[in-house]
Amino acid sequence: MQMHFIIAIMFAITVFLAFIEDYLQELQKLAVLAVYVVFMVLLASTKSIENTADATGYEEMFLHNDNLLLEISTEPTFIYLSRIILAFGGTVSTLFFVYAVITIPAKMKALYSLTPYIFTALVIYIPIYFEVHDMIQIRAAAAAMFFLTSLRPIAEKRYWKASLLIACSILFHYSAVAYLPILLLGNRRLSPAWRIVVACLLPVTFAMYLLKLDLFSFIPSALVGGKLDFYREASASGEWDELSPPYLNLYFLAKCLVLYLCLYYYDYIVERNPLAPLLINLFATSICFLLSMATIPVIAGRVSDMFGVVDCIVFTFCLYIISPKYIVRTGITIAALFMLVYNILYTEYFI
């Protein structure tokens, strides 16, 4: 609960900075962001092992990194970093510090390069992705960092650099293979016809959610392997919690609204942010994948969150199209506050 309180204070300060960031000079923004980076690194690396979700699991993996089964199933970066740190007498807290130093500064640099409204973006990022990724799922945090860093090279058709960054992402978290199709997607402009398709995908995938269908329901089970059947059975038996109903999630509904606004005002947004086509496609993928794979929540949530890290950038697109800006920032704050309160009341990230 103490960690939730610290994050809530950090969130409140970020909201204040978001409302005044139009009056801040670039050097002032960079100075404040540098302070944020230092604070987030310290917070992520000094968290309580006993009272933080997954931390004891990471400690076991760290101490027993020579276990053959663990070595086969876990990313090589985690294994070798653990061995190097242990060789120098480090602890699991040292591992958390190394991951934080690798991921948080680079991630903030990437966000700063992708939106002129960095503190408005952090209003979304801190109660959701900082709390879940940087504080809990450290391997996913590293993968997300390389993903965010790859977006500009992809948009600028520097595919060798982008491919290298995606490869690094996979080495930190195997689930990052989901990022590979982005190299083919690129930053192509969304045609009017494609925008209509994306707009229609949302109600279609919502219907799949209500009918308890997933993407693999249309593929013979022999082709997708038994692991998916295991996931479905585990979800049906209650071994894993079901996804909370999206229509009761204010943040998810806000995402749907933002998607339609981005599609409707697409040309206007692209004039102000050249990376908008790529980011809007990724944003839509996050939403639709969550709905279309809800019968397998462990996959739906993981992949949706991996693409959903662009949420904090896409939400700021509304600042281009709605005036006055304080209305947009108020709406973004309410949506982010919902997730902050939800995490405090209904999750066990911090005990």
query: Is Leu43 close to Met135 at the side-chain level, that is, under 4.5 Å between some pair of heavy atoms?
result: yes
- prompt: With ILVMFWY side chains joined below 4.5 Å, transitively, what does Leu42's cluster contain besides itself?
  reply: Val38
Aromatic plane relationship, Tyr179 with Phe147 - under 30° parallel, 30 to 60° tilted, over 60° perpendicular: parallel
message: List the residues meeting side chain to side chain contact (heavy atoms under 4.5 Å, CB included) with Tyr264, not counting sequence neighbours, and say none if there are none.
response: none
message: Contact between Phe11 and Leu122 at the side-chain level, heavy atoms closer than 4.5 Å - yes or no?
response: no
- request: Please round to the nearest 0.5 Å and tell me the distance separating atom CD1 of Ile138 and atom NE2 of His173.
  value: 10.0 Å
query: In Å, rounded to the nearest 0.5 Å, how long is the span from CG of Asn273 to CG of Leu114?
result: 7.5 Å
- request: Please tell me if the side chains of Tyr174 and Thr74 come closer than 4.5 Å, counting only heavy atoms from C-beta onward.
  value: no
Check: Thr52 side chain, Ala55 main-chain N or O, donor-acceptor pair, under 3.5 Å: no
message: Using 0.5 Å steps for rounding, measure from the CD1 atom of Ile332 to the NZ atom of Lys325.
response: 11.5 Å
- request: Please step through side chain to side chain contact (heavy atoms under 4.5 Å, CB included) for the pair Leu278 and Ile182, ending with a clear verdict.
  value: CA-CA 8 Å; Leu278 174 60; Ile182 303 170; 3.8 Å; yes
Ile154 backbone acceptor or donor facing Arg158 side chain under 3.5 Å: no
- prompt: Stepwise, does the side-chain hydrogen bond (donor to acceptor under 3.5 Å, both in side chains) test hold for Glu26 with Tyr112?
  reply: CA-CA 11 Å; Glu26 289 305 308; Tyr112 186 81; 2.3 Å; yes
Side-chain H-bond candidate by donor/acceptor type, His4 with Glu131, under 3.5 Å: yes
- prompt: So, the side chain of Glu21 versus the backbone of Phe119: is there a donor-acceptor pair under 3.5 Å, distance only?
  reply: yes
field: Pairwise distance CZ(Phe206) to CG(Leu290) - rounded to 0.5 angstrom
entry: 10.0 Å
- request: Given side chain to side chain contact (heavy atoms under 4.5 Å, CB included), test Phe283 with Phe307 step by step and report yes or no.
  value: CA-CA 7 Å; Phe283 187 67; Phe307 287 104; over 6 Å; no
task: For the residue pair Ser175 and Val303, establish whether any side-chain heavy-atom pair is separated by less than 4.5 Å.
output: no
field: Check against ring-ring contact (aromatic ring centres under 6.0 Å, His included), Tyr58 and Phe78
entry: CA-CA 10 Å; Tyr58 273 118; Phe78 183 90; 5.7 Å; yes
- request: State the CG-SG distance between Leu261 and Cys318, to the nearest 0.5 angstrom.
  value: 5.5 Å
field: Within-4.5 Å side-chain heavy-atom neighbours: Met108 and Met40
entry: yes
query: Can you tell me how far OG1 of Thr115 sits from CD1 of Ile313, rounded to the nearest 0.5 angstrom?
result: 7.0 Å
message: Regarding Thr120 and Thr316, do their side chains bring together a donor and an acceptor under 3.5 Å, going by distance alone?
response: no
field: Min side-chain heavy-atom separation Met208-Met293 under 4.5 Å
entry: no
query: Which pairs, with at least one residue in residues 35-44 and sequence neighbours excluded, count as a side-chain hydrogen bond (donor to acceptor under 3.5 Å, both in side chains)?
result: Thr14-Tyr36
Donor-acceptor list for residues 87-98 side chains, cut-off 3.5 Å, not counting sequence neighbours:
{"unit_1": "Thr91", "atom_1": "OG1", "unit_2": "Ser93", "atom_2": "N", "d": "3.3"}
{"unit_1": "Thr94", "atom_1": "OG1", "unit_2": "Thr91", "atom_2": "N", "d": "3.1"}
{"unit_1": "Thr94", "atom_1": "OG1", "unit_2": "Thr91", "atom_2": "O", "d": "3.4"}

Geometric cation-pi criterion Arg83 and Tyr80, 6.0 Å radius, 45° cone: yes
query: Would you call Asp54 and Lys47 a salt bridge, using N to O less than 4.0 angstrom?
result: no
query: Can you find a heavy atom in the side chain of Glu75 that is under 4.5 Å from one in the side chain of Leu171?
result: no
Atom OH of Tyr265: over 12 foreign heavy atoms under 6.0 Å: no
side-chain hydrogen bond (donor to acceptor under 3.5 Å, both in side chains) evaluation trace for Asp311 with Tyr251: CA-CA 11 Å; Asp311 291 3; Tyr251 177 71; 2.7 Å; yes
- request: Report the C-alpha separation of Ile269 and Tyr266 in whole Å, then their side-chain angles, then the decisive distance to 0.1 Å, and conclude whether the side chain to side chain contact (heavy atoms under 4.5 Å, CB included) test is met.
  value: CA-CA 5 Å; Ile269 292 171; Tyr266 170 78; 5.9 Å; no
- prompt: Hey, mind stepping through Ser113 and Arg152 against side chain to side chain contact (heavy atoms under 4.5 Å, CB included) and telling me if it holds?
  reply: CA-CA 9 Å; Ser113 72; Arg152 188 167 290 279; 4.2 Å; yes
statement: Hits for side chain to side chain contact (heavy atoms under 4.5 Å, CB included) against Leu165, two or more places apart or cross-chain, chain-then-number order -> Phe146, Thr149, Ser150, Pro153, Lys161
Using distance only, find each side-chain donor-acceptor pair of residues 337-351 under 3.5 Å and give its atom names and separation, not counting sequence neighbours.
{"unit_1": "Asn343", "atom_1": "ND2", "unit_2": "Pro127", "atom_2": "O", "d": "2.9"}
{"unit_1": "Asn343", "atom_1": "ND2", "unit_2": "Met339", "atom_2": "O", "d": "3.3"}
{"unit_1": "Thr347", "atom_1": "OG1", "unit_2": "Asn343", "atom_2": "O", "d": "2.4"}

Any side-chain heavy-atom pair of Leu279 and Leu151 under 4.5 Å: yes
- prompt: Between Lys107 and Asp134, is the closest basic N to carboxylate O distance under 4.0 Å?
  reply: yes
